[in-house]
Number of protein chains: 2
Amino acid sequence: MDKSSGIANDIGRSGLKRTKHRTVILEILEKSDQPMTAEQIFLKMGQEGIAVSLSTVYRAVESLAQKKLVTALEISGSNKTLFEYNRKIHRHYLVCLGCRKIRAIAHCPLKDYEEDLAAETDYLISGHKLVIYGYCPDCRKNAAMTPKEWS
Amino acid sequence: MDKSSGIANDIGRSGLKRTKHRTVILEILEKSDQPMTAEQIFLKMGQEGIAVSLSTVYRAVESLAQKKLVTALEISGSNKTLFEYNRKIHRHYLVCLGCRKIRAIAHCPLKDYEEDLAAETDYLISGHKLVIYGYCPDCRKNAAMTPKEWS
DNA sequence: ATAGCAAATGCGTTTCATTCGCAATAAAAT
DNA sequence: ATTTTATTGCGAATGAAACGCATTTGCTAT
Ligand SMILES: [Mn+2]
Ligand SMILES: [Mn+2]
Ligand SMILES: [Zn+2]
Ligand SMILES: [Zn+2]
């Protein structure tokens, strides 16, 4: 409908060709509150009646990630790469070991720690990745009996 | 030689059978300053004249990890799982994007942050994983021209 | 609009780390 | 020493992701 809606344009502006598939994939990720695997995206497209090859989904998320429209994340414990719409905010993740839901955390407690570390190690720090594991309110009750691993 | 040397005994005490392979694997990891992949362990055993099947290495590190004698880590950007001798110290990692060397960091800047987060989110926090990316002193010069991604 | 070119797609094939099945072997228990 | 049970070797299977190539589509410059 809305031709000037960000998403489709963002793809064009990125230098990638603006195809139906890429637009749909980016929209799906933008709407999802959870990062998704390539296969989940593929299945959702199927549900929406959009025929696509799984290879294409893999190639689409890869190119979108290259253009920074999508972020790829590898959370320990899942062997599949997750993709999320890049909302351009530095984020961390709180992963529930019970239901595997991923909750984003806006606050970064490491801002000045990075500087200390740079001074101490003489490294040039580019960034960091922090994932916190635990049990969400819903899963806390079961957690007591089935404490799952996280490392 | 030293029958009471920690490593071999630790395996026995863990409930696992104390085999030559497991002992060697654990010794290799204990001596290594870098976490190693299953294949690297396998190759090193070959160099040391110890015939072993790669499957066995995979099964050994898996069982040793289960018994907490080794720790498995999945650093973003490598598709292979790394294993390290478990020195029973909470650690973080500083990964050089130039040479891929991994340096352990003893200090944890997140001790009380976890409590704040628990209070704020009502999650039961089990732990966290922090990886910091950058360029080591040796690689800093090249870093300027070839800034690699870290996700 | 149209032609021409570069990029994207479909479909099948391949790669590669890791896992598995099962018979043979070695370690612990008796 | 004999039995019991876990470990190993080897090859085959798995599964996510990458790839090759012929076909199609989006974009650009007429
Ligand atoms: Mn941060
Ligand atoms: Mn920590
Ligand atoms: Zn949960
Ligand atoms: Zn380096």
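Just so it is clear, the model here is predicted, and its values are computed rather than measured. Throughout, protein chains are lettered first and strands after them, A, B, ... in sequence-line order, and every chain is numbered starting at 1.
- One can place CZ of A:F42 at 12 Å from P of D:dA16, the figure rounded to the nearest angstrom.
- Of the options B:D10, B:N9, B:I7, a side chain to side chain contact (heavy atoms under 4.5 Å, CB included) to B:R18 is made by B:N9 and by none of the others.
- Each of B:K20 and B:E62 was assigned the nucleotide of DNA chain C with the nearest heavy atom; the assignment lying further toward the 5' end belongs to B:E62.
- Look at B:R18 and you won't find any side-chain N or O under 4.0 angstrom from OP1 or OP2 of C:dA27.
- For the pair A:R13 CZ and D:dC27 C1', the computed distance is 17 Å after rounding to whole Å.
- Atoms CZ (B:F83) and C1' (C:dA17) sit 11 Å apart, rounded to a whole Å.
- Regarding A:N79, its CG atom lies at a distance of 21 Å from the P atom of C:dT15, rounded to whole Å.
- The hydrophobic cluster containing B:L26 also contains B:V61, counting ILVMFWY residues as joined when their side-chain heavy atoms lie under 4.5 angstrom apart, directly or transitively.
- Separating the NZ atom of A:K80 from the P atom of D:dA17 is a distance of 8 Å, rounded to the nearest angstrom.
- Remark: A:D122 engages B:R140 in a salt bridge, criterion side-chain N to carboxylate O under 4.0 Å.
- Under 4.0 angstrom from either OP1 or OP2 of C:dA26 there lies no side-chain N or O belonging to B:H21.
- A donor-acceptor contact under 3.5 angstrom links the side-chain atoms of B:R59 to the base of D:dG9.
- When the nucleotides D:dT8, D:dA17, C:dG10 are ranked by their closest atom to the side chain of A:Y58, D:dA17 comes out on top.
- Put simply, the side chain of B:K17 and the base of D:dT5 share a donor and an acceptor less than 3.5 Å apart.
- Atom CD1 in B:I11 sits about 14 Å away from atom C1' in D:dA6, given to the nearest Å.
- When distances are taken from the side chain of A:T19 to each of D:dA17, C:dA17, D:dG26, the shortest belongs to D:dG26.
- B:S63 comes within 4.0 angstrom of no nucleic acid atom, judged by non-hydrogen atoms across all strands.
- Using a 4.0 Å heavy-atom distance criterion, B:T37 is classed as making no nucleic acid contact.
- Residue A:S55 is in base contact, counting any heavy-atom pair closer than 4.0 Å across all strands shown.
- Residue A:T56 places at least one side-chain N or O closer than 4.0 Å to OP1 or OP2 of C:dG10.
- When rounded to the nearest whole Å, the span between CD1 of B:I50 and C1' of D:dG9 equals 16 Å.
- Ring pair A:H128/A:H90 is perpendicular by interplanar angle, where above 60° counts as perpendicular and below 30° as parallel.
- A 4.5 Å side-chain heavy-atom check between B:R22 and B:S63 finds at least one atom pair inside the cut-off.
- Atom CD in A:Q40 sits roughly 11 Å away from atom P in D:dA17 (whole-Å rounding).
- A:L54 comes within 4.0 angstrom of nothing in the nucleic acid, heavy atoms only.
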